[in-house]
Amino acid sequence: MKAGCSIVEKPEGGGGYQFPDWAYKTESSPGSRQIQLWHFILELLQKEEFRHVIAWQQGEYGEFVIKDPDEVARLWGRRKCKPQMNYDKLSRALRYYYNKRILHKTKGKRFTYKFNFNKLVMPNYPFINIRSSVNLYLVTHTHEYIYMAKI
DNA sequence: GACGGAACCA
DNA sequence: TGGTTCCGTC
């Protein structure tokens with residue numbers, strides 16, 4: 001009996017980071033708990049055990065490098081129950097983020113992307129200060145997402 | 001590798 | 001809506 005894929009796979013808390021329920025909910029589909037790719041990217045980014053796979057680029061704020069594209073794709077495929085996932089497909093999904101202003105490409109740098117933090121911060125939350133804060137709160141302007149990423 | 005159109009799916 | 005799959009093009 002294969003374990004297969006569960007409908008929702010909340011990351012276990014085991015000494016790590018607990019994501020609140022609302023972090024998985026969308027405005028358009030309240031019942032949906034499908035994790036978004038950029039959520040997943042941030043999730044990997046904040047965990048030290050994946051630093052050899054994906055990591056923040058020091059120096060440039062919000063910029064990250066995919067050090068092992070195959071592994072990131074494999075992990076994403078496992079989460080989404082898409083065993084045929086690869087970097088070619090994953091990167092297509094990342095490219096759709098360009099127009100949504102969630103991400104943009106760092107041209108010239110291989111496997112390097114950058115979060116558009118300036119576009120993600122919401123004016124409704126004046127207590128959020130990117131520069132002084134260790135935890136960065138990301139809020140898209142299109143959805144009710146709030147996310148925390150340790151930078 | 002990176003890009004983006006196009007068809008398709010839940 | 002947010003990808004997934006496929007692919008031609010640079």
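Values reported hereafter were calculated over all heavy atoms of this structure, with side chains retained and with hydrogens, waters and symmetry mates removed. Naming convention: chains lettered A, B, ... in sequence-line order (proteins, then strands); numbering from 1 in each chain.
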In whole angstroms, how far is the [atom2] atom of [N] from the [atom1] atom of [X]?
| X | N | atom1 | atom2 | result |
| --- | --- | --- | --- | --- |
| A:Tyr87 | C:dT4 | OH | C1' | 16 Å |
| A:Gln36 | C:dT4 | CD | P | 10 Å |
| A:Asn86 | C:dC7 | CG | P | 12 Å |
| A:His104 | B:dC3 | NE2 | C1' | 16 Å |
| A:Asn99 | C:dG3 | CG | P | 14 Å |
| A:Ile41 | C:dG3 | CD1 | P | 10 Å |
| A:Arg95 | B:dA6 | CZ | P | 16 Å |
| A:Ile35 | C:dT4 | CD1 | P | 12 Å |

With a 4.0 Å limit, can you tell me whether [X] has a side-chain N or O closer than that to the phosphate oxygens OP1/OP2 of [N]?
| X | N | answer |
| --- | --- | --- |
| A:Trp76 | C:dT4 | yes |
| A:Lys89 | C:dT4 | no |
| A:Gln84 | C:dT5 | no |
| A:Tyr98 | B:dA2 | no |
| A:Lys80 | C:dT4 | yes |

Checklist entry - Starting at the 5' end of DNA chain C, which residue's closest nucleotide do you reach first, A:Leu37 or A:Asp88? => result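 Its nearest nucleotide being more 5', the pick is A:Leu37.
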Among B:dG4, B:dA2, C:dG3, which nucleotide has an atom closest to any side-chain atom of A:Arg92?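 So the nucleotide nearest the side chain must be B:dG4.
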Is the backbone N or O of A:Lys89 less than 3.5 Å from a side-chain atom of A:Ser91, with the two atoms forming a donor-acceptor pair by type?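 No: the side chain of A:Ser91 does not pair with the backbone of A:Lys89.
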Classify the nucleic acid contact of [X] as base, sugar-phosphate or nothing, counting any heavy atom under 4.0 Å across all strands shown.
| X | result |
| --- | --- |
| A:Arg110 | sugar-phosphate |
| A:Leu90 | nothing |
| A:Lys107 | nothing |

Subject >> is_close_aromatic(A:Tyr97, A:Tyr113), centroid dist under 6.0 Å >> reply: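 Between A:Tyr113 and A:Tyr97, which both carry aromatic rings, the centre distance is not below 6.0 Å.
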### Message
With heavy-atom distances below 4.5 Å as the criterion, would you say the side chains of A:Lys114 and A:Leu103 are in contact?
### Response
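A:Lys114 does not reach A:Leu103 side chain to side chain.
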| said: Are the side chains of A:Trp76 and A:Lys80 in contact, using a 4.5 Å heavy-atom criterion? | reply: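 A:Lys80 vs A:Trp76: side chains touch.
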Parallel, tilted or perpendicular: which describes the rings of A:Tyr87 and A:Phe111, with under 30° parallel and over 60° perpendicular?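 Correct class here is perpendicular.
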_Residue met sooner reading DNA chain B from 5', once A:Tyr96 and A:Lys105 are mapped to nucleotides_ =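 Here A:Lys105 is the residue nearer the 5' end.
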